[in-house]
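Notes to accompany the following structure.
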Amino acid sequence: MKAELAALISSALEQLVSQGTLADVPEAPPQIDHPKDPAHGDLSCNVAMVMAKRAGLAPRDLAQQVIDALPINALIASADIAGPGFINFFINPERHTEIISRIFSERSTFGQTNIGEGRKVQVEFVSANPTGPLHVGHGRGAAIGDCLGRLLDATGWAVQREFYYNDAGQQIQNLALSVQARAMGKSPDDTDWPEDGYQGSYIQDVANAFMAAETVQAADREITASGDVNDLDAIRDFAVACLRREQDQDLRAFAVAFDHYFLESSLYDSGAVDETVSTLVRSGHTFEQDNALWLRTSSFGDDKDRVMRKSEGGYTYFVPDVAYHLNKWQRGFERVINEQGADHHSTITRVRAGLQGLDAGIPKGWPEYVLHQMVTVMRDGTEVKLSKRAGSYVTLRDLIDWVGCDATRYFLVARAPSSQLTFDVDLALAKSNENPVYYIQYAHARAASIRRKAQSALGDGAEAAGLEHLDCLCEPEALTLAITLGRFPEVVATAAERLEPHDVANYLRQAASDFHAFYNAHHILDAEPDIQRARLALVAATQQVIANGLNLLGVSAPDTM
RNA sequence: GCGGAAUUAGCUCAGCUGGAUAGAGCGUCGGUCUACGAAACCGAAGGUCGCAGGUUCGACUCCUGCAUUCCGCGCCA
């Protein structure tokens with residue numbers, strides 16, 4: 001509809017050029033907006049204000065000339081000039097309700113577009129090291145990353161979801177030592193407790209399982225414990241498997257699935273890390289100093305150079321990161337989107353610098369990053385900081401246990417990633433109008449309920465029959481709702497383009513609100529047959545759009561509550 | 001000190017990348033169920049968009065400076 005109007009306006013501008021009123025047509029298509037105030041029409045255009053200066057006309061005069069030059073068409077009911085020179089367009093009402101027929105034919109695919117044209121994109125998210133349970137920050141990353149995957153999928157990209165984890169470094173060594181210490185009956189208060197050891201009570205559980213020689217099955221491995229407290233390698237393998245399994249279970253409970261798990265150790269095993277280092281040395285972007293090997297990251301925008309190989313011989317963490325991202329590039333991803341906590345933002349410059357240093361033709365802004373800010377959890381008006389299980393932080397599992405998967409997902413994804421998030425447990429728990437999740441789900445359930453009643457009273461075909469009577473939908477509440485439904489594909493496309501899933505959450509609240517308002521203003525089943533069927537079609541379309549939107553968030557759309 | 005993010009109603013947050021009188025939910029106050037789900041709806045009050053400049057037809061949005069908060073700043077990951 002926007003595009004159609006834009007074409008009409010362009011044609012009017014060309015007409016003015018041929019009359020000599022304007023010198024030339026602007027290169028960009030005219031900008032068209034949805035006004036906030038319904039009195040300002042359905043769509044508005046600012047072209048007269050933008051062009052006024054060059055045309056040597058007052059904006060309002062130019063606006064009038066544009067309106068006069070518009071071709072005859074079936075789209076526009078009327079056009080006004082308002083404010084400093086806006087042109088406000090009122091669309092013929094039947095154009096608003098045609099969308100209902102489209103929703104009927106596209107069903108669960110309504111809202112999808114093919115902007116991505118099947119090109120490959122990878123979304124890497126969560127990527128927690130297997131040293132403890134997932135915490136709320138990981139939960140936010142899981143919700144945002146999964147939703148980004150769904151959005152990119154819905155806009156025609158070929159999406160791979162990847163989870164990267166460190167299974168070989170110092171943190172894993174600390175984990176193994178902590179489990180061993182627990183297995184030997186030590187506690188964090190003891191003087192010989194490992195330095196930087198993990199203190200949560202889950203370490204004791206892992207130690208007990210190891211000593212009992214249990215077998216664990218994680219997504220990508222199965223390990224049976226040896227029970228030998230002196231075998232640190234066995235303890236390490238077992239502990240990693242245990243915590244991987246626990247993270248898998250948390251993610252499954254959170255309705256998040258990955259296509260691929262990538263192990264940091266594989267980069268060492270395959271020689272990719274050494275190869276990356278020698279490529280960087282060959283490219284001339286490195287130097288030796290203080291018995292260490294440095295990368296000149298400062299020539300790629302970093303504020304200082306970084307050590308790649310420490311004087312003791314080991315690599316710093318960002319070297320495998322560079323090798324990892326080279327691997328992603330070689331796998332053919334046109335785009336890679338890394339979803340991470342904002343506390344890791346300093347790695348962005350280093351990874352990109354390393355990739356540039358490889359001279360492999362990788363674009364400067366590749367990969368892309370979505371960073372989320374911290375999450376604090378509030379309950380009973382105070383901040384919750386401790387989890388029994390993990391010790392120092394609230395876990396994702398805690399949240400799911402308290403408020404359920406749907407509410408957890410909704411709350412973690414409903415705010416812009418760049419905003420710090422306060423998770424209000426009491427609000428998420430409320431089964432009332434205070435809770436936006438239930439508000440939206442309630443709209444869906446209410447629509448489903450009406451359709452069940454219609455089905456038993458009228459049988460099949462009533463909704464489809466309504467498509468023949470959409471001109472009966474003339475009340476403001478019905479038209480407002482239909483217009484909102486029609487915006488859905490644009491909302492999905494914009495959210496995917498901007499990598500901001502919260503747009504979808506906000507849209508759903510609006511759609512639910514418009515539906516509730518329509519419901520309260522007009523009877524659906526108790527109406528004249530033609531009107532009844534038309535309204536029923538609108539209800540069915542609404543249910544479909546809300547279901548499609550909730551699906552993008554990974555939140556369920558219940559028929560009854 | 002340097003870098004990143006943020007600052008909008010009592011609280012939690014949107015604000016479509018520069019548009020019209022800055023919006024929503026919660027909370028507060030007042031109304032709506034003998035009809036399809038009241039987990040809903042309708043209305044009211046509530047603002048110096050952190051501060052000060054600048055850019056232009058027009059700034060919450062862009063630029064500069066300042067203030068405050070959070071996060072980073074290791075030959076840790």
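Letters A, B, ... are given to chains in the order of the sequence lines, protein chains preceding strands, and every chain is numbered from 1. Please read these numbers as outputs of a predicted model, since none were measured by experiment.
To the nearest whole angstrom, the two C1' atoms, one in B/rG37 and one in B/rG50, are 45 Å apart. Taking atom P on both nucleotides, B/rA6 is separated from B/rG18 by 15 Å, rounded to a whole Å. B/rG58 and B/rG74: their C1' atoms are spaced 50 Å apart (whole Å). Taking atom C1' on both nucleotides, B/rU55 is separated from B/rU7 by 23 Å, rounded to a whole Å. Spacing of P atoms, B/rG3 relative to B/rU64, comes out at 12 Å, to the nearest Å.
In the set B/rA39, B/rC57, B/rG37, B/rG37 carries the atom at the smallest distance from any side-chain atom of A/Tyr519. When each of B/rA20, B/rA38, B/rG4 is scored by its nearest atom to the side-chain atoms of A/Pro35, the top-ranked nucleotide is B/rA20. Checked against B/rA35, B/rA39, B/rU12, the side chain of A/Asp526 finds its nearest nucleotide in B/rA35. Minimum atom distance to the side chain of A/Ala445 is reached by B/rG37, of the listed B/rA39, B/rG37, B/rC41. When the nucleotides B/rA5, B/rA40, B/rC70 are ranked by their closest atom to the side chain of A/Met374, B/rC70 comes out on top. Listed nucleotides B/rA20, B/rA77, B/rC36 differ in distance to A/Gln171; the shortest reach to its side chain belongs to B/rA77. Nearest nucleotide to the A/Met49 side chain, out of B/rG19, B/rC13, B/rA35: B/rG19.
For A/Gln170 and A/Gln31, each mapped to the nucleotide of RNA chain B holding its nearest heavy atom, the one lying further toward the 5' end belongs to A/Gln31. Along RNA chain B, the nucleotide nearest to A/Lys2 and the one nearest to A/Thr422 differ in position, and the one closer to the 5' end is contacted by A/Thr422.
As judged by a 4.0 angstrom heavy-atom cut-off over every strand, A/Asn506 is placed among residues touching the sugar-phosphate backbone only. Among the atoms of the strands shown, only primed sugar atoms or phosphate atoms (P, OP1, OP2) are found under 4.0 Å from some heavy atom of A/Ser418. Within 4.0 Å (heavy atoms only), A/Thr560 reaches at least one base atom of the nucleic acid. Contact annotation for A/His345: base contact, defined as any heavy-atom pair under 4.0 Å involving a base atom. When heavy atoms are screened at a 4.0 angstrom cut-off, A/His372 is found touching no nucleic acid atom at all. Within 4.0 Å (heavy atoms only), A/Ala414 reaches no atom of the nucleic acid at all. Nucleic acid contact class of A/Ala517 (heavy atoms, under 4.0 Å, all strands): sugar-phosphate only. Base contact: A/Asp559 has a heavy atom under 4.0 Å from a base atom. At the heavy-atom level, A/Asp343 lies under 4.0 Å from the strands shown only through sugar-phosphate atoms. The residue A/Thr316 sits close only to the backbone: its heavy atoms come under 4.0 Å of sugar-phosphate atoms, none of a base. When heavy atoms are screened at a 4.0 angstrom cut-off, A/Phe318 is found touching no nucleic acid atom at all. Residue A/Ser44 is in base contact, counting any heavy-atom pair closer than 4.0 Å across all strands shown. Nucleic acid contact class of A/Asn291 (heavy atoms, under 4.0 Å, all strands): none. At the heavy-atom level, A/Asn129 lies under 4.0 Å from the strands shown only through sugar-phosphate atoms.
Within the structure, a side-chain polar atom (N or O) of A/Lys310 is placed less than 4.0 Å from OP1 or OP2 of B/rC76. For A/Tyr439 and B/rA24, the shortest distance from a side-chain N or O to OP1 or OP2 is not below 4.0 Å. Here A/Arg498 reaches the OP1 or OP2 of B/rG15: one of its side-chain N or O atoms lies under 4.0 Å away. Within the 4.0 Å cut-off from OP1 or OP2 of B/rG37, at least one side-chain nitrogen or oxygen of A/Ser449 is found. For the OP1/OP2 pair of B/rG15 and a distance below 4.0 Å, the side-chain nitrogens and oxygens of A/His502 include at least one atom meeting the criterion. For B/rG72, the OP1/OP2 oxygens have no side-chain nitrogen or oxygen of A/Lys304 closer than 4.0 Å. Proximity of A/Thr494 to the phosphate of B/rC16: no side-chain N or O atom is located under 4.0 Å from OP1 or OP2. Taking 4.0 angstrom as the limit, A/Ser419 places a side-chain polar atom (N or O) nearer than this to OP1 or OP2 of B/rA14. Contact annotation: A/Arg446 reaches the phosphate of B/rA38 (side-chain N/O to OP1 or OP2, under 4.0 Å).
Inter-residue side-chain proximity for A/Val277 and A/Thr286 is flagged as unmet; no heavy-atom pair is nearer than 4.5 Å. Proximity of A/Gln199 to A/Trp193: side-chain heavy atoms (C-beta onward) are separated by under 4.5 Å at one or more points.
Side-chain to base pairing of A/Tyr317 with B/rA77: one donor and one acceptor N or O lie within less than 3.5 Å of each other.
Using a 4.0 Å cut-off between charged nitrogen and carboxylate oxygen, A/Arg535 and A/Glu477 do not count as a salt-bridge pair. Residues A/Arg350 and A/Asp321 are not paired through a salt bridge, judged by the lack of any N-O separation under 4.0 Å between the basic side chain and the carboxylate.
Cation-pi contact between A/Arg509 and A/Tyr439: present, with separation from the ring centre below 6.0 Å and deviation from the ring axis of at most 45°. For the pair A/Arg446 and A/Tyr519, the cation sits on the ring face: its NZ or CZ lies under 6.0 Å from the ring centre, inside 45° of the axis. Relative to the six-membered ring of A/Tyr165, A/Arg244 meets both conditions, a distance below 6.0 Å and an angle of at most 45° to the axis.
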message: Assess the residue pair A/Asn174 and A/Gln170 against the criterion (side-chain hydrogen bond (donor to acceptor under 3.5 Å, both in side chains)); give the C-alpha distance rounded to whole Å, side-chain angles, the decisive distance to 0.1 Å, and a yes or no.
response: CA-CA 6 Å; A/Asn174 291 342; A/Gln170 186 59 39; 3.3 Å; yes

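Base pairing annotation: B/rG43 forms a Watson-Crick or G-U wobble pair with B/rC29, both donor-acceptor distances under 3.5 Å. When Watson-Crick and G-U wobble pairs are counted only if both distances are under 3.5 Å, B/rA52 pairs with B/rU64. If you check B/rC16 for Watson-Crick or wobble pairing at under 3.5 angstrom, you find it has no partner at all.
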